[in-house]
**Q** 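Mind looking over this structure? Questions follow.
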Amino acid sequence: MVERTPILNFFTHVILFAGFVFCVAPFVIVAIAASHNLKDVNDVPMSLLPGSDFWVNIKTAWTTADLGPKLFNSFVMAAGVAAGKVIISALTAFSIVYFRYPGRMLIFWLIFVTLMLPLEVRIVPTYAVVANVLSPYQAIMDVTGISWLIEKISGVQVSLSLGLLNSYTGLIMPLIATATGTFLYRQFFLTVPDELTEAARMDGAGALRFFVDILLPLSRNNMAALGTIMFLWAWNQYVWPLLITTDQSHATAVTELKQLIPNVGGAPEWHIAMAGTLIVMLPPLIVVVLMQRWFVRGLIATEK
Amino acid sequence: MASITIRDVRKSYAKMQVVHGVNLDIRSGEFVVILGPSGCGKSTLLRMIAGLEEISDGTIAIDGAVVNRLEPRERGCAMVFQNYALYPHMSVAQNIGYSLKVAGVPAAERTQRIQAVARILELEHLLDRKPMALSGGQRQRVAMGRAMIREPKVFLFDEPLSNLDAKLRVQMRSEIRKLHRRLNATSVFVTHDQVEAMTLADRLVVMNGGCVEQVGTPAEVYSRPASRFVATFVGAPAMNMLEGTVALDGVSLLGGSRKLNVSRAGLPVGSKVAVGVRPEAVRMVAPGTPGALDATVDLVEELGAGRVVYVDLDGASFSVVTSETVHPEPGSAVGLQFAESDLHFFSSETGGRLDVFKASVPEAAL
C-alpha cells in the first residue's frame, strides 16, 4: 500500500537524502582533496573548501603515473573481458539450453563449479598456465611417455612453450572463464517461448541462424547489462594484472595508482594520489551513464 | 498441393505412449480438421507431420515420399501456431519475409512477395509495425502470412484461433475458409472446438486417447457417430446417453424402470448397451402421451432462438433442445418423444456403434 501523508513524505525524503550523502561524501572528499596543494591537504582537519590546484594536480598525476598508456591498457583489458564474456556466455548458454547431447549436465555442473572457484582461489595454477599455456600438454606427454618416445625415435626433445605473461591475451583470457554470464543468459533463454524456436525451424533457420537472427537480438538488454557489469569488474581488477604484468608497458591504470601513493619517508602527496584516483574512476562512470538505460532493463525486465 | 499418407504412426515419450497407431489419408487440396479433447494426441500428430516431433514408429509420407527423417524446412510444410510465435524484434514485413531471407531469396523479389501476401491479408498498412503494436487478429493474420509466403505444399494449423475473442474467432474462421478456397492447398487444422471443426472441415478426424475414433465429413460424423465418445463429443449440448440391457422384447433402460420396444436382431439377451439420442431430436409432449417417456423438468436455459430444457429421467439427466414457444416450468412433468431413426446404439463394453437394432417408438413400461 502506498501512503501519502506529508510527515511520511518528509521522513522518507530525509532517509533518502541521508543515503545519498552517505554514498557521495567519500567522492566529494576525494575531489576536494585533489584540489588542494601539498600543505593544505595535510592540514588536520583538512579544509572542506575546494582549493585552486585541481588541474595542476590532475596534470601531475597524469604524468607521474604515465596514465595515458595505462588507461589504454585498462580499457583494452576491460573491453576485452566484457566482449569475451558476452560472447562466450551466450554461446555456452545456447548450447546448454537448446541442445541435447551426452554429458550436457556434466558440462553444466563444470561451468557451475567455476562460480565457487574465483580467480583468487586458483591464482597459482592459473599463473602457471599463463606463464606457459602449453605446460599442461607437456605434463600429459611426459607422464604418458609420449615425449620420451618422440625423443627416442626422432632425437628431438619435446619442450612446448608459449608464454602469455605481459600480453593482453594473458590479461584478458583468465578473467573470461567464469560462469556468471552463462547463468544470466541461461535464465533468459529459458523464458524465450518454445514456439519461437519452432517457428524458426519451420521457416528453415538452422541452429546458428536462429542464434544470430532471433536469440541475439532478443537478448540485447542482457548483453548490455552483462557487458557493463563485466567492464566494471575487469576495470577494477588488481591482483591479476599486478601478478602477470612485470613489464610496465602492459600495466593497467588501477595497479599503477600505487605509483602515486606516497611512500614511507617520501613527501605525503595525497592530493596527487586523489587526483589520479579521480582520473581512473572516470571511464567506468562514463560507461555506466551511457549504458544505464539498457543495463537496468536487462536486469529487471524480460521483453517478449 | 500434396497428399499426406499416415501409416501406423505412434509416438512415445519414455515409457508413455501418447499416439497409438494412427492411419490417415489426406487428399490433395483437402481441408482436414483433427478434433479432440486436450491431451488426445492431436497436436502431437500435427507436430509429427511438421517435423517438430520425432516419429517413434510408422511412416508419414507427403506426396508419396516418406518424410520421417527430413528436417521441417525440407518437408514443404508451413505452420500457424497457437500463440502466433511472431519474432518480437522484427517488423511485420520482416516476420513474413524471414523464411525467404533464410532461403536466400534476393531482397527485391522478397519485397514483392511480401507485398503480395500483405495485400491478400489486408496487412499493407501494418508492414512496418512490430508485433507488440498489433491486435490479436492482426497478429494472427501476420502468422498466416508467414505461412503463406513460402507457398507451401501443406498448411498446418495448431489451434490458431483459440487465443482470439469469440467475435474475431468467427471472422477469422471464415477468412481461413476463404483463403483455403483461394489457395487450395492441403490443410490440416487442429482444434478442440467442435463448432470450428464442423464449419471448416471437408473431412473431420475425431481423436481420443491417442487413437482415431472416426474419419468422415462433418455431416457423417454428426449423424452417424462411430463410437460413444464421438457421439457425446460432437454436438452441443451433448447427445443424451441412457444405459440399458437387451431384453427379449427390446431394451430395458435405467435398471429396468423404462423400456424401448426395439427388435433384438441377434444381440444376446442381457448384453449391456448405451442408447443415445440427440437433444435436437427429442420432442416434448404432454405427460402421459402414449409412447413417450415421462420426466420432470429440472432447469431451462434460454438461448434466444430456442431453449435447452434439462429434465430428470429417474435420476438420469437428459437434455432437450426446443425452438417451440413452450415454456416449461421447473418441476413440471413432460413427456419425451423421439423417432426410432434418431436412436443410436453403442456397445457398453467397447463403446463402438451397433447398427443391429431397428428402433421403434419408445414406450413407457412398468
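Source: prediction; values computed, not measured.
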**Q** Examine whether an atom of A/Asp213 lies under 4.5 Å from a heavy atom of chain B, and if so say whether it belongs to the side chain, the backbone or both; otherwise answer neither.
**A** both
**Q** Can you confirm whether B/Lys101 sits close enough to A/Asp203 that some side-chain heavy atom of one is under 4.5 Å from a side-chain heavy atom of the other?
**A** no
**Q** Please classify the contact of B/Ile149 with chain A as side chain, backbone, both or neither, using a heavy-atom distance under 4.5 Å.
**A** neither
**Q** Taking all non-hydrogen atoms of both residues, which atom of A/Glu195 and which atom of B/Tyr84 are closest, and how far apart?
**A** OE1-N, 4.3 Å
**Q** Is it the case that more than 12 heavy atoms not belonging to A/Tyr101 sit under 6.0 Å from its OH atom?
**A** yes
**Q** For the CE atom on B/Met16, are there more than 12 heavy atoms of other groups (residues, nucleotides or ligands in this structure) within a distance under 6.0 Å?
**A** no
**Q** Crowded around A/Ile88 CD1? As in, over 12 foreign heavy atoms under 6.0 Å?
**A** no
**Q** May I ask you to check whether over 12 heavy atoms, not counting those of B/Glu54, lie within 6.0 Å of atom CD?
**A** no
**Q** What's the shortest heavy-atom distance between B/Gly51 and A/Arg201, and which atoms?
**A** O-NH2, 3.4 Å
**Q** Are the side chains of A/Pro193 and B/Asn83 in contact, using a 4.5 Å heavy-atom criterion?
**A** no
**Q** Measure B/Ala50 against the heavy atoms of chain A and call it side chain, backbone, both or neither at under 4.5 Å.
**A** both
**Q** Please name the pair of heavy atoms, one in B/Ala85 and one in A/Ala199, separated by the smallest distance, quoted to 0.1 Å.
**A** O-CB, 3.8 Å
**Q** Do you know which of B/Arg73, B/Glu74, B/His89 has the most heavy-atom pairs under 4.5 Å to chain A?
**A** B/His89
**Q** Is the number of heavy atoms from other residues, nucleotides or ligands under 6.0 Å of A/Tyr98 OH greater than 12?
**A** yes
**Q** From A/Met202 CE over to B/Tyr98 OH, what is the distance, rounded to the nearest 0.5 angstrom?
**A** 14.0 Å
**Q** When you look at CZ of A/Phe99, are more than 12 heavy atoms from neighbouring residues, nucleotides or ligands closer to it than 6.0 Å?
**A** yes
**Q** Would one find more than 12 heavy atoms of other residues, nucleotides or ligands at under 6.0 Å from atom CZ of A/Phe27?
**A** no
**Q** Kindly compute the distance separating CD (A/Glu198) from CD (B/Glu53), expressed to the nearest 0.5 Å.
**A** 7.5 Å
**Q** Counting only heavy atoms from other residues, nucleotides and ligands, does the tally under 6.0 Å from CE of A/Met173 exceed 12?
**A** no
**Q** Taking all heavy atoms of B/Pro88 and all of A/Leu218, pick out the closest pair and write down the distance.
**A** CG-CD2, 3.4 Å
**Q** Kindly compute the distance separating OH (B/Tyr87) from CG (A/Leu215), expressed to the nearest 0.5 Å.
**A** 11.5 Å
**Q** Using non-hydrogen atoms only, which part of B/Arg75 is less than 4.5 Å away from chain A: side chain, backbone, both, or neither?
**A** neither
